[in-house]
Amino acid sequence: MNSYRIPEIAKKYIEHDMIMKHTELPSFPEYRTRLLYAFLNKHSSLSGHSELYTLVTSLVQVGLDTHDTVSITNDSKEQKAARSRQLKVLAGDYYSSRFYYLLSHAGHIDLVGILSGAICEANRLKMNLYLKMKQLKLTADEYMRQTIQIKTQLFLSFANLLEDGVSAIWPDILNLFTRCELLIQEIGRSEISQQFRDSWGFWHVLQWCTKEEKKVLQQEEPDPTKLRSIWLKYKVTAQLYDMLDSCLRELQEKLQYLDPEKFGKELLSIGEPIRHYLNSPGATQEI
């Protein structure tokens, strides 16, 4: 398959009427999905299955991400919020179950085992990260590194399936694209005061802030004005833009030297939205 159409195919599994009506879903893992599809298409024997393999991996990732949005407590007395929480749990299970069905129906049982192992590892890493968060034993750098590690587990599981020509570069390229993706998400979170909790900005500020500022951060519902003032003081958004700019430069440098040249250009085109994002008016003012 040469035409990339994974998001369109995934919609019929993701956009279930009841789920869409009562709850919000996480973003589709576009960069990682396009990247996996491109690498699988370079495989002499797997290219015929690139669409199926990429589709099921994206569905599992959406399932895991949906479960991540479920609140830890279930003390909401509002019917709408309670229904949304329940549907997120069910939706995550539903999306994950699709990969079992699609792969078994197509006779690719081996990949079921490979992805199942990756799911277990992602959940193990996630629990370790949550424990450090709860204990407040986490730096901003550790948060970034461990979150990327969690987000790449499903996709890294294909490393042993790729051919020698591209398998060596797969982990580095995947890591850089995922880092860019995460930084864009963190920039969005840094601009919305309600989403500060456990963000990169939270851990960054926690490392350097005063005792009084730390008290503000640890409040259940901190004053948005005070919180914004702290974010500006420690230049959270500006630093995230700088990190994204550096990450994109490193990515572009690696891709320019790929052999064959055509594949490098293909991967560079996947990163074009990141470049456009950095060239937007808001980004140029922050950097």
Side-chain angles (χ1 to χ4, degrees), residues 1-16 19-20 23-43 46-70 88-106 108-123 125-126 147-162 166 170-171 173-182 184-185 266-267 269-274:
M1 296 276 182
N2 293 321
S3 176
Y4 175 76
R5 57 195 188 104
I6 304 301
E8 289 76 15
I9 301 173
K11 279 184 179 180
K12 70 178 182 180
Y13 299 101
I14 294 174
E15 295 185 355
H16 190 284
I19 295 171
M20 300 302 291
T23 192
E24 292 184 9
L25 295 175
S27 301
F28 188 78
E30 180 66 16
Y31 292 111
R32 283 166 286 164
T33 300
R34 285 193 64 187
L35 199 62
L36 178 60
Y37 182 78
F39 271 79
L40 288 174
N41 264 339
K42 295 300 174 185
H43 198 290
L46 292 183
S47 58
H49 308 302
S50 58
E51 189 167 88
L52 172 64
Y53 286 8
T54 307
L55 172 64
V56 297
T57 306
S58 69
L59 290 175
V60 176
Q61 188 64 61
V62 171
L64 292 175
D65 292 344
T66 302
H67 279 159
D68 287 345
T69 65
V70 178
K88 283 177 180 176
V89 174
L90 294 173
D93 292 342
Y94 170 71
Y95 299 146
S96 297
S97 71
R98 294 299 86 194
F99 102 88
Y100 287 106
Y101 171 78
L102 290 169
L103 287 176
S104 60
H105 188 71
H108 296 278
I109 305 302
D110 289 347
L111 191 59
V112 172
I114 291 171
L115 285 175
S116 296
I119 292 170
C120 291
E121 180 61 13
N123 285 330
L125 292 170
K126 209 175 292 182
T147 303
I148 291 171
Q149 195 176 8
I150 292 166
K151 286 179 174 291
T152 55
Q153 281 306 302
L154 290 179
F155 299 85
L156 279 174
S157 65
F158 286 89
N160 292 331
L161 300 181
L162 299 174
V166 295
W170 171 240
I173 301 300
L174 175 63
N175 184 284
L176 286 168
F177 265 103
T178 307
R179 184 176 178 84
C180 286
E181 179 187 2
L182 178 59
I184 290 173
Q185 292 175 358
E266 181 182 350
L267 298 184
S269 70
I270 296 176
E272 273 298 291
I274 304 171

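No hydrogens, no waters, no symmetry mates; every other heavy atom, side chains included, goes into these values.
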Enquirer: What is the distance from atom CG of Leu174 to atom NZ of Lys151, rounded to the nearest 0.5 Å?
Expert: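 Between atom CG of Leu174 and atom NZ of Lys151 there are 12.0 Å.
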Enquirer: Between Tyr53 and Phe158, how do the two ring planes meet: parallel, tilted or perpendicular, split at 30° and 60°?
Expert: tilted
Enquirer: Supply the atom-to-atom distance Ser47 OG to Tyr37 OH, rounded to the nearest 0.5 angstrom.
Expert: 9.5 Å
Enquirer: Please give me the minimum heavy-atom distance between Phe39 and Val166, naming the atom from each residue.
Expert: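 That would be CE2-O, 3.6 Å.
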Enquirer: Rounded to the nearest 0.5 Å, what separation is found between the CD1 atom of Ile114 and the NE2 atom of His108?
Expert: 11.5 Å
Enquirer: Between Glu51 and Arg5, does the side-chain contact (heavy atoms from CB on, under 4.5 Å) criterion hold? Intermediate values first, please.
Expert: CA-CA 8 Å; Glu51 189 167 88; Arg5 57 195 188 104; 3.0 Å; yes
Enquirer: Are Leu103 and Leu52 packed together at the side-chain level, in the sense that at least one heavy-atom pair is separated by less than 4.5 angstrom?
Expert: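 In contact.
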Enquirer: For the pair Trp170 (side chain) and Phe155 (backbone), establish whether a donor and an acceptor sit closer than 3.5 Å, ignoring hydrogens and angles.
Expert: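 Pair found, side chain donor or acceptor close to backbone of Phe155.
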Enquirer: Could you state the interatomic distance from OG1 (Thr152) to CG (Leu36), rounded to the nearest 0.5 Å?
Expert: 12.0 Å
Enquirer: Minimum heavy-atom separation for Ser58 to Ile6, with atom names?
Expert: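 The pair with the smallest heavy-atom distance is OG-CG2, 3.9 Å.
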Enquirer: Quick one: does any side-chain atom of Gln153 pair with a main-chain N or O of Gln149 as donor and acceptor, under 3.5 Å?
Expert: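 Pair found, side chain donor or acceptor close to backbone of Gln149.
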Enquirer: Roughly how far, to the nearest 0.5 Å, is the OH atom of Tyr31 from the CD1 atom of Ile274?
Expert: 4.5 Å
Enquirer: Is Phe99 close to Ser116 at the side-chain level, that is, under 4.5 Å between some pair of heavy atoms?
Expert: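 With C-beta onward as the side chain, the pair touches.
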Enquirer: Any chance you could lay out the side-chain contact (heavy atoms from CB on, under 4.5 Å) test for Glu121 and Leu125, step after step, and finish with the verdict?
Expert: CA-CA 6 Å; Glu121 180 61 13; Leu125 292 170; 3.8 Å; yes
Enquirer: What verdict does the side-chain contact (heavy atoms from CB on, under 4.5 Å) test give for Leu115 and Thr57, after you've listed the backbone C-alpha separation in whole Å, the side-chain angles of each residue and the deciding distance to 0.1 Å?
Expert: CA-CA 8 Å; Leu115 285 175; Thr57 306; 4.1 Å; yes
Enquirer: Between OG1 of Thr54 and CG of Leu40, what distance do you get to the nearest 0.5 Å?
Expert: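 The CG atom of Leu40 is 5.0 Å from OG1 of Thr54, to the nearest 0.5 Å.
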Enquirer: Evaluate Ser97 against Tyr13 for side-chain contact (heavy atoms from CB on, under 4.5 Å), listing each step before the verdict.
Expert: CA-CA 11 Å; Ser97 71; Tyr13 299 101; over 6 Å; no
Enquirer: What are the two closest non-hydrogen atoms of Glu181 and Pro29, and how far apart are they?
Expert: OE2-CA, 4.0 Å
Enquirer: Report yes if some heavy atom in the side chain of Gln185 is under 4.5 Å from a heavy atom in the side chain of Pro26; otherwise report no.
Expert: no
Enquirer: For Ala38 and Glu266, work out which heavy atoms get closest and say how close.
Expert: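 Residues Ala38 and Glu266, closest heavy atoms: CB-OE2, 3.6 Å.
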Enquirer: Both conditions, 6.0 Å and 45 degrees, for the charged tip of Arg98 above the ring of Tyr101: are they met here?
Expert: yes
Enquirer: Looking only at atom types and distance, does a side-chain atom of Asn175 sit under 3.5 Å from a main-chain N or O of Pro171, one as donor and one as acceptor?
Expert: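 Not confirmed, Asn175 side chain does not pair with Pro171 backbone.
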Enquirer: Write down the atom of Leu267, the atom of Phe177, and the distance for their closest heavy-atom approach.
Expert: O-CZ, 3.5 Å
